[in-house]
Amino acid sequence: MKAELEAIQAEALEALKAVKTPDALESLRITYFGRRGKLTDVMKGMGTLSKAERPAIGKLANEVRTTLTQAFEKATEALHHQQQAQQLEAESVDITLPGRKPAYGKAHPVMQTLERIEAIFSQMGFQVATGPEVEMEYYNFDALNTPADHPARDLHDTFYLEARGWKQHPQEEGEDARSERLLRTHTSPVQIRVMENQKPPVRIIVPGKAYRVDYDVSHTPMFHQVEGLLVDTHATFSELKGVLASFVRQMFGEQTQMRFRPHFFPFTEPSAEIDISCTVCQGKGCRSCGHTGWIEILGAGSVDPEVFHAVNYNPAEVTGFAFGMGVERIANLQFRIPDIRTFYENDLRFLRQF
Ligand code: DAH
């Protein structure tokens, strides 16, 4: 039995050296100390020894147990340290490596242009007003002096909502067709909404989305406009010119020329279209300006008295001017983009350039 004990001790100590994982250590522990373990077996066998043998063997058995218990404890601790070291290494960070830059977002180029337009007019004292994109026919056309049989209405290829069966608010008994819903074709209806709710003076700009059935290099079905409206006791056409000249110079540079061409809009009289000297060729004539040297950027005019009637303003007491511009068109000139549609293709390679 003495030899057996010594063999067990030697064998166990040897086996411990080879242990690399907590699982292996545990199974080794069971091999020796478990209920059916080798050491346990020997201990159980002590009962069969003679009285003379028992003290010496018992003492030896206890020594072996103590030795092995300590050896197992040491191995457990060593494994634990080893694992901690491995984990530390796995989690270590090389602080000398360059960091990862967070990707930051920024405003869409059309929004950048819109914000610039807003900033220029705000500084001239215009306040920002907004209105609904789903609009009533009345505000989009009628109140702007464009009744149903007016030819100007055909100029706008309108997205009607109800006529297409998308009606959401059933027309009430007696409600007339003027309350038919559409996607506003311009931001001008906000002029009416503001004047209905506010006494003169009015000095607003209206940035926002507008919609038309249109799709080519210079048109997308959704686009942005900035409307302007100034109403006061003595608002004049020359003030309109001054405001727009100031805008054009700030937006496109001091050297930019501007010209007014007579035009027609139902809601202004007289009306004009405003051209600026081509930003690409400086007015010499190139492909961008169709070799005319001029590019149209704005519609404007003196508010038509009919519009004042619609909002219960007295045209004998107030005058006003209004203007409207397409934001994509201006962004186009600012960034020299040949095709407006690229703004809305969401190609990041394109958008990252701004
Ligand atoms: N609403 C016009 C359009 O979409 C632009 C416009 C022209 C607005 C003249 C105005 C204006 O306020 O006076 O084409």
Side-chain angles (χ1 to χ4, degrees), residues 114 117 121 124 126-133 135 137-147 150-159 182-195 202-214 218-232 235-245 247-248 258-276 295-308 310-311 313 315 318-330 340:
L114 187 61
I117 297 171
F121 283 107
M124 287 193 263
F126 287 81
Q127 293 193 323
V128 172
T130 55
E133 290 168 32
E135 187 52 283
E137 205 166 24
Y138 173 74
Y139 288 103
N140 196 78
F141 290 124
D142 301 77
L144 288 163
N145 193 32
T146 321
H150 198 291
R153 212 179 261 218
D154 302 333
L155 298 177
H156 298 212
D157 286 307
T158 310
F159 286 109
L182 46 75
L183 295 181
R184 69 180 180 194
T185 58
H186 49 180
T187 46
S188 308
V190 183
Q191 288 190 22
I192 305 298
R193 289 182 173 274
V194 168
M195 287 190 284
V202 173
R203 193 193 288 221
I204 53 159
I205 52 164
V206 183
K209 291 180 167 69
Y211 302 83
R212 286 183 206 173
V213 185
D214 222 343
S218 48
H219 297 93
T220 50
M222 183 282 297
F223 58 101
H224 295 79
Q225 285 190 329
V226 175
E227 188 82 12
L229 174 70
L230 188 146
V231 181
D232 210 333
T236 65
F237 200 90
S238 62
E239 278 169 344
L240 166 66
K241 235 178 147 174
V243 164
L244 293 182
F247 165 71
V248 160
M258 180 178 82
R259 74 174 184 190
F260 278 53
R261 257 186 304 106
H263 198 73
F264 173 81
F265 293 105
F267 30 89
T268 42
E269 181 61 32
S271 304
E273 272 189 341
I274 287 91
D275 301 336
I276 57 166
I295 293 178
E296 183 237 314
I297 59 154
L298 272 153
S302 297
V303 178
D304 194 295
E306 286 303 323
V307 173
F308 285 145
V311 296
Y313 278 16
V318 291
T319 57
F321 59 77
F323 53 87
M325 67 189 89
V327 181
E328 282 78 358
R329 162 63 71 86
I330 290 171
I340 258 182

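For ligands, and for the atoms within them, numbers begin at 1 and follow the listed sequence. Here the structure is a predicted model, which is why all the values come from computation and not from measurement. Counting from 1, the numbers follow the sequence of the chain as shown.
When each of F247, F121, F237 is paired with F323, the ring-ring contact (aromatic ring centres under 6.0 Å, His included) condition holds for F121 and for no other.
Taking the ring centroids of F265 and H186, they lie at or beyond the 6.0 Å cut-off.
Contact check for I117 versus M325: side-chain heavy atoms found under the 4.5 Å cut-off. By the 4.5 Å heavy-atom criterion applied to side chains, I205 and V128 are counted as neighbours. Residues M222 and L183 are not in side-chain contact: their nearest non-hydrogen atoms beyond the backbone lie 4.5 Å or more apart.
From the protein, the heavy atom lying nearest to atom 3 (C) of ligand 1 is R212 NH2, 3.6 Å. Of all protein heavy atoms, the one lying nearest to atom 5 (C) of ligand 1 is G324 CA, 4.1 Å. Of the protein's heavy atoms, E227 OE2, 2.6 Å lies nearest to atom 12 (O) of ligand 1.
Close approach to F265 involves these atoms of ligand 1, each under 4.0 Å from a residue heavy atom: 7 (C), 9 (C). Heavy-atom contacts of Q191 reach the following atoms of ligand 1: 12 (O) (cutoff under 4.0 Å). Which parts of ligand 1 touch A322 is read off a 4.0 Å heavy-atom cut-off, strictly below it: atoms 12 (O), 13 (O). Ligand-side atoms of ligand 1 in range of S188: 1 (N), 8 (C), range being under 4.0 angstrom from any heavy atom. The T268 neighbourhood of ligand 1 comprises atoms 13 (O), with distances under 4.0 Å to a heavy atom of that residue. Every atom of ligand 1 is numbered from 1 in the order shown, and the set under 4.0 Å from a heavy atom of Q225 is 3 (C), 4 (O). Shown in contact with G301 at under 4.0 Å from a heavy atom are these atoms of ligand 1, numbered in order with element: 13 (O).
Between the R212 side chain and the T185 main chain, a donor and an acceptor come within less than 3.5 Å of each other. With hydrogens and angles ignored, the 3.5 Å screen pairs a side-chain donor or acceptor of R184 with a backbone N or O of G131.
Polar contact check, G299 against ligand 1: no nitrogen or oxygen pair lies under 3.5 Å apart. At a 3.5 angstrom cut-off on N or O pairs, T185 does not count as close to ligand 1.
Ligand 1 does not have M325 within reach: every non-hydrogen atom of the residue lies 4.0 Å or more from it. Within the 4.0 Å heavy-atom cutoff, F267 counts among the residues contacting ligand 1.
Heavy atoms of other residues, nucleotides or ligands lying less than 6.0 angstrom from CD of Q127 number 12 at most.
For the pair R193 and Y139, the distance from NZ or CZ to the six-membered ring centre is under 6.0 Å and the angle to the ring normal is within 45 degrees.
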